[in-house]
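Take a look at the structure below.
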Amino acid sequence: MSSELERVSGLIREVEDFPQPGVLFRDLSPLLADAEGFRVVVEEMAAHGTEADVDVVVGIEARGFLLGAAVALRLGLGVVGVRKPGKLPAVAHRVDYALEYGTATLELPEGTLRRGARALVVDDVLATGGTVEAACSLVEHAEAEVSAVSVVMELAALNGRRRLAGRKVRSLLTV
Ligand SMILES: O=P(O)(O)OC[C@H]1O[C@H](OP(=O)(O)OP(=O)(O)O)[C@H](O)[C@@H]1O
Ligand SMILES: Nc1ncnc2[nH]cnc12
């Protein structure tokens, strides 16, 4: 890990029993609110996108929107937000998935991913992998390609990588 990344990783807040008892929630909000922290993680994720030769960024609601938009701007690319249900006026496809603390749904906006596009999927945390897996399946349903997945933090104990086998996944920090 770079010394810059090591320094800013201290900005991640751990919240016990959120959103339900027994969950240790990794809150990246303070890191994203810090100019240096935000710059470091966005630059590292953008480097991943460059290596994977992507041509669009897909950010996952909610913190993946913040990261994805900044990474896309840095790469000179557009950004697509995959959203929680009920927000989009036109839905291309919808996927239900399981989380560490419940179930959820993600939707892909209509008319955003062209067939054959090479996507970098971006989120803050990889836990069970259900969210990233759902986002990848939305990309693939649009006949685009997931060239790489980039997250800031991976929770190794929840083994999200098992669900993402065969995909190019990079996390900046693993706990
Ligand atoms: O790997 P998984 O087990 O799927 O979990 C990871 C997801 O969980 C968190 O979001 P959450 O669904 O809590 O929603 P939020 O972004 O709206 O806070 C986090 O931001 C990831 O998107
Ligand atoms: N422990 C956790 N912290 C932050 N985001 C999460 N998503 C699923 N589990 C999480």
Side-chain angles (χ1 to χ4, degrees), residues 1 5 8-34 37-38 40-42 44-46 48-49 54 56-72 79-88 91 93-109 112-113 119-141 146-175:
M1 193 199 308
L5 200 50
V8 303
S9 68
L11 296 168
I12 295 171
R13 175 169 47 200
E14 296 184 351
V15 184
E16 283 178 23
D17 299 323
F18 181 87
Q20 49 181 245
V23 175
L24 179 63
F25 191 83
R26 315 286 176 156
D27 182 11
L28 271 71
S29 304
L31 185 155
L32 302 178
D34 181 87
F38 189 49
V40 169
V41 298
V42 167
E44 296 267 354
M45 293 172 118
H48 190 199
V54 300
V56 67
V57 176
V58 172
I60 304 174
E61 188 168 353
R63 286 163 295 277
F65 285 0
L66 302 173
L67 292 161
V71 168
V79 62
V80 175
V82 292
R83 301 211 61 175
K84 303 288 164 68
K87 305 288 186 182
L88 293 171
V91 176
H93 192 57
R94 167 179 302 124
V95 177
D96 299 318
Y97 61 99
L99 274 167
E100 187 185 4
Y101 35 73
T103 58
T105 301
L106 281 180
E107 296 178 343
L108 176 72
T112 52
L113 282 179
L120 175 70
V121 173
V122 169
D123 204 359
D124 62 336
V125 173
L126 177 67
T128 66
T131 305
V132 165
E133 186 184 33
C136 291
S137 84
L138 290 175
V139 169
E140 288 165 355
H141 190 267
V146 178
S147 296
V149 173
S150 197
V151 298
V152 177
M153 172 169 268
E154 176 175 353
L155 310 184
L158 294 173
N159 200 10
R161 285 198 183 241
R162 184 195 43 207
R163 301 170 75 155
L164 304 174
R167 299 195 186 277
K168 197 184 290 181
V169 180
R170 183 184 291 171
S171 50
L172 307 186
L173 307 162
T174 302
V175 293

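Order of appearance sets the numbers: ligands from 1, and atoms from 1 within every ligand. Reckoned from all heavy atoms, side chains included, excluding hydrogens, waters and symmetry mates.
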Notebook entry, point to check: Just by distance, do the side chain of R63 and the backbone of V125 share a donor-acceptor pair under 3.5 Å?
Noted result: no

Check: Which pair of non-hydrogen atoms, one from G37 and one from D34, has the smallest distance, and what is that distance?
Finding: N-OD2, 2.8 Å

Next item on the list: Provide, to 0.1 Å, the distance between atom 11 (P) of ligand 1 and the closest protein heavy atom, together with that atom's residue and name.
Entry: Y101 OH, 3.6 Å

Item checked: side-chain contact (heavy atoms from CB on, under 4.5 Å), paired with V121, selected from T131, V80, V54, V149 -> V149

Note to self: Looking only at distances, can you tell me whether any N or O atom of A127, backbone or side chain, sits closer than 3.5 Å to an N or O atom of ligand 1?
What the structure shows: yes

Item checked: Option with minimal heavy-atom separation from atom 2 (C) of ligand 2, where the choices are T128, L28, L155, T131 -> L155

Next item on the list: Can you sort out which atoms of ligand 2 are near A127, meaning under 4.0 Å from one of its heavy atoms?
Entry: 7 (N), 8 (C), 9 (N)

Check: Which residue owns the protein heavy atom closest to atom 4 (O) of ligand 1, what's the atom, and how far is it?
Finding: T131 OG1, 2.5 Å

Next item on the list: May I ask you to check if ligand 1 and G129 share an N or O to N or O distance below 3.5 Å?
Entry: yes

Next item on the list: Could you tell me whether a side-chain N or O of D17 sits under 3.5 Å from a main-chain N or O of G22, the two making a donor and an acceptor?
Entry: yes

Item checked: For V125, the ligand 1 atoms whose distance to one of its heavy atoms is below 4.0 Å -> 6 (C), 21 (C)

Item checked: N or O pair under 3.5 Å between L126 and ligand 1 -> no

Check: So between R163, E61, K84, whose heavy atom ends up nearest atom 14 (O) of ligand 1?
Finding: K84

Notebook entry, point to check: Looking at atom 18 (O) of ligand 1, what's its closest protein heavy atom, distance included?
Noted result: R63 NH2, 2.9 Å

Notebook entry, point to check: Quick one: does L164's side chain get under 4.5 Å of E133's, heavy atoms only?
Noted result: yes

Check: Is any side-chain heavy atom of L32 closer than 4.5 Å to a side-chain heavy atom of L67?
Finding: yes

Note to self: Can you tell me which portion of R26 lies within the under-4.0 Å heavy-atom range of ligand 2? Options are side chain, backbone, both, or neither.
What the structure shows: both

Item checked: Taking atom 16 (O) of ligand 1 as the reference point, the nearest protein heavy atom with its distance -> A62 N, 3.0 Å

Margin query: What I'd like to find out is whether the side chain of R163 reaches to under 4.5 Å of the side chain of C136, using heavy atoms alone.
Written below: no

Notebook entry, point to check: With backbone taken as N, CA, C and O and side chain as the heavy atoms from C-beta onward, which portion of L24 lies under 4.0 Å from ligand 2: side chain, backbone, both, or neither?
Noted result: backbone

Checklist line | Plane angle bin for F25 and Y101 - parallel if under 30°, tilted between 30 and 60°, otherwise perpendicular | finding: tilted

Note to self: I want to check something: taking the side chain as every heavy atom from C-beta on, are R26 and E14 in contact at a cut-off of under 4.5 Å?
What the structure shows: yes

Checklist line | Cationic N near anionic O, under 4.0 Å, E44 to R170 | finding: no

Note to self: Return the closest protein heavy atom for atom 12 (O) of ligand 1 as residue, atom name and distance.
What the structure shows: L99 CD1, 3.5 Å

Notebook entry, point to check: Which part of D124 is near ligand 1, with near meaning a heavy atom under 4.0 Å away: side chain, backbone, both or neither?
Noted result: side chain

Check: Got the closest protein heavy atom to atom 7 (N) of ligand 2, with its distance?
Finding: Y101 OH, 3.2 Å

Note to self: Tell me whether ligand 1 is touched by A104 - counting only heavy atoms on the residue side and a distance under 4.0 Å.
What the structure shows: no

Item checked: Part of D123 with heavy atoms under 4.0 Å of ligand 1, whether side chain, backbone, both or neither -> side chain

Note to self: Taking E107 first and then R94, would you say they form a salt bridge - that is, a charged N and a carboxylate O separated by under 4.0 Å?
What the structure shows: yes

Check: At what distance is the nearest protein heavy atom to atom 5 (N) of ligand 2, and which residue and atom is it?
Finding: F25 CE1, 3.5 Å

Checklist line | Shortest protein contact, atom 10 (C) of ligand 2 (heavy atom only) | finding: E100 OE1, 3.3 Å

Note to self: What I'd like to find out is whether the side chain of V132 reaches to under 4.5 Å of the side chain of V169, using heavy atoms alone.
What the structure shows: no

Next item on the list: Would you check whether Y97 has a nitrogen or oxygen atom less than 3.5 angstrom from a nitrogen or oxygen atom of ligand 1?
Entry: no

Note to self: Which residue is it: V139, V95, L108? I am looking for the one with a side-chain contact (heavy atoms from CB on, under 4.5 Å) to V82.
What the structure shows: L108

Checklist line | Protein contact of atom 3 (O) of ligand 1 - nearest heavy atom, named by residue and atom, plus distance | finding: T128 OG1, 2.5 Å

